[in-house]
Novice: 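Quick one: this structure, given as structure tokens, is what I'll be asking you about.
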Amino acid sequence: MAHILIMPRQGNTVESCIIVDWKIKEGDEVTAETTACEVETDKASFEIPAGAVGTVLKVLWNAGDDVPVLEPIAVIGQAGEAWKDALELGIGDCGLGSGDQSSEKISISNTQIANNNIQPESQVRLDPSPQSSDYPISPRARNLAEKEALFVEAAWGSGPGGRIIERDVLATLENRPALTAAAKAMEAGTIPQQGSGIGGRITAEDITSNLQPSVSAITETPIKGIRKIISDKMLKSLAESAQFTLNASASVSKLQEIRSRIKTSEEFSAGFGLSKITVNDLILFAASRLLIRYPYMNAHKIGDTIRTFENVHLGMAVDTQKGLMVPVIRNANLLSLAQISSEAKRLAAACQMGSAKPEEISGSTFSISNLGSLGITSFTPVLNTPEVAILGVCGIEQKPVLSQSETNSCGCSCDCRLEPHIGFSLTINHQVVDGAPAARFLKALCDAVANIDLLIAAG
């Protein structure tokens, strides 16, 4: 009985995965532990094992395809077994790659089976074309188009799913003037309606004279892969929530003093695991303590329900080569400053190396995005839905501060000095949190950061 390998669900919020690379090909003999393919989501990369012993009968998707979860991606069985029959009947143990079993039946229409198109009808499988990778075209039609120097964009596909077949290319060629051999050999150019050659043939000179001068070089890059997943997620966040941002700043004089003392007291700091404490670690620590006192900020909006959490699971934005990832420091309110610092560094390294596990990059209840090291003084962080709030950490600036003193020489009874301040940008979902409660939390956070020594002493 054929084994149908399906795209596993990598977390409750993941709806699709991108196939990065196939490690097997049709006809290969595999075991259950053989890596079938490598896939990735907007959060991490994973390897999917074949899940059965046998021969790879059919690979249903190409590398680079964005595949919905629980969709068949390959069929493994005995050599010569009919893979289409297995898919049509939805039989086999439907390997999930991770070892889980799925009780869902695989429903695939007879039309899709007949057309050798297994993915949902809304997603058309594209055959690669050297002229245009965006148009589905049969091999015979592609060869004819290349021979006649016909751009496939000019043909109308009458095949299954809009596929361009040979008759479509022939019909298009009938309505196009004949080309000379030199004109066919040209790689680019607009074909004019009338040629200057014998019998109205299009010559190379006709195409050259029809070329438009390029004003500037243009590079077009399709939005796909992780970038597309992040793009869709950000747009969905803005479309489904009423986002509102507040800005404030806090004195970091004491914070910088503590950091300096930690660095100069290497023996003491090393003994308590504080030798590598960063400003960001201290902000994470402060937020983890404050969120317990403001539970409406440590919450999710699920439909028409607000779900608050007893513990704080801090998401922290990490910039990686593949894009933005948000690993989670679980139960941060129960961890010491040294433990938060250690976990933050471990998770950031795992994301940057691509080794973060699914459970390490999901389930956050409040997120923090730090752009301060890049000199950003204010920004609008986008909610990591379904969370109802996200904190943006900005750069440190010198700001004037007034303090009472004895009357000075100019007759004023105040003193002005410069003091370092760190900026915060707090985005909330106004559907759940109003401006005043959010402002109270932000003010409390600023006070906690300004008096970070007292917060650390309190644990």
Side-chain angles (χ1 to χ4, degrees), residues 9-14 41-44 230 233-234 236-237 240-241 243 277-278 280-303 305-320 323-352 355-370 381-393 424-429 431-433 437-438 441-442 444-445 448-449 455-456 458-459:
R9 183 183 294 279
Q10 301 286 359
N12 294 331
T13 60
V14 176
T41 68
D42 59 328
K43 299 175 179 177
I230 295 174
K233 186 175 182 180
M234 293 297 99
K236 184 179 179 181
S237 172
E240 296 183 353
S241 58
Q243 304 200 19
I277 294 296
T278 65
N280 193 61
D281 295 336
L282 290 163
I283 300 301
L284 291 169
F285 176 79
S288 71
R289 269 49 183 177
L290 264 292
L291 286 166
I292 294 299
R293 290 164 45 190
Y294 297 85
Y296 55 83
M297 302 293 291
N298 188 45
H300 286 177
K301 180 182 182 295
I302 310 293
T305 302
I306 300 173
R307 182 181 298 169
T308 57
F309 297 86
E310 180 179 357
N311 289 318
V312 178
H313 305 304
L314 273 184
M316 57 175 208
V318 175
D319 181 30
T320 74
L324 181 67
M325 298 180 68
V326 187
V328 183
I329 302 175
R330 303 206 177 275
N331 302 309
N333 56 300
L334 304 178
L335 302 179
S336 67
L337 174 58
Q339 289 171 325
I340 287 178
S341 175
S342 175
E343 184 68 354
K345 291 174 176 58
R346 184 190 70 80
L347 290 170
C351 289
Q352 289 162 353
S355 61
K357 300 175 182 177
E359 60 271 18
E360 293 176 328
I361 49 179
S362 62
S364 57
T365 58
F366 183 92
S367 292
I368 295 179
S369 178
N370 192 336
V382 179
L383 287 176
N384 184 22
T385 53
E387 295 170 23
V388 302
I390 181 172
L391 179 69
V393 181
F424 293 118
S425 298
L426 178 70
T427 296
I428 59 170
N429 185 347
Q431 294 173 294
V432 178
V433 183
F441 167 77
L442 186 55
L445 179 66
V449 171
L455 191 64
I456 294 174

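All residue numbers in this chain count up from 1 along the given sequence. Bear in mind that the values here come from a model prediction, so they are computed numbers and not experimental data.
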Novice: Let me check something: any side-chain donor-acceptor pairs from residues 305-313 under 3.5 Å, sequence neighbours excluded? List them with distances.
Specialist:
residue : atom : partner : partner atom : Å
Asn311  : OD1  : Asn333  : ND2          : 3.1
Asn311  : ND2  : Asn331  : OD1          : 3.4
His313  : ND1  : Asn331  : N            : 3.0

Novice: Under 4.0 Å between a Lys/Arg side-chain N and an Asp/Glu carboxylate O for Glu343 and Arg346?
Specialist: yes
Novice: Search all heavy atoms of Ser367 against all heavy atoms of Val326 and return the closest pair with its distance.
Specialist: OG-CG1, 4.0 Å
Novice: Not counting sequence neighbours, list each pair that qualifies as a side chain to side chain donor-acceptor pair (under 3.5 Å) and has a residue in residues 284-299.
Specialist: Asn298-Thr365
Novice: Does some side-chain heavy atom of Val328 sit less than 4.5 Å from a side-chain heavy atom of Leu347?
Specialist: no
Novice: Atom NZ of Lys345 and atom OG1 of Thr278: how far apart are they, to the nearest 0.5 Å?
Specialist: 4.5 Å
Novice: With heavy-atom distances below 4.5 Å as the criterion, would you say the side chains of Ile283 and Phe424 are in contact?
Specialist: yes
Novice: To the nearest 0.5 Å, how far apart are NZ in Lys233 and CG in Leu324?
Specialist: 8.5 Å
Novice: Just by distance, with hydrogens left out, do Ser341 and Asp281 show a side-chain donor and acceptor under 3.5 Å apart?
Specialist: yes
Novice: Is there side-chain contact between Ile340 and Leu314, with at least one heavy-atom pair below 4.5 Å?
Specialist: no
Novice: Are the side chains of Leu383 and Val388 in touch, meaning some heavy atoms are under 4.5 Å apart?
Specialist: no
Novice: Strictly by modelled atom types, are Glu387 and Ser364 linked by a side-chain donor-acceptor pair under 3.5 Å?
Specialist: yes
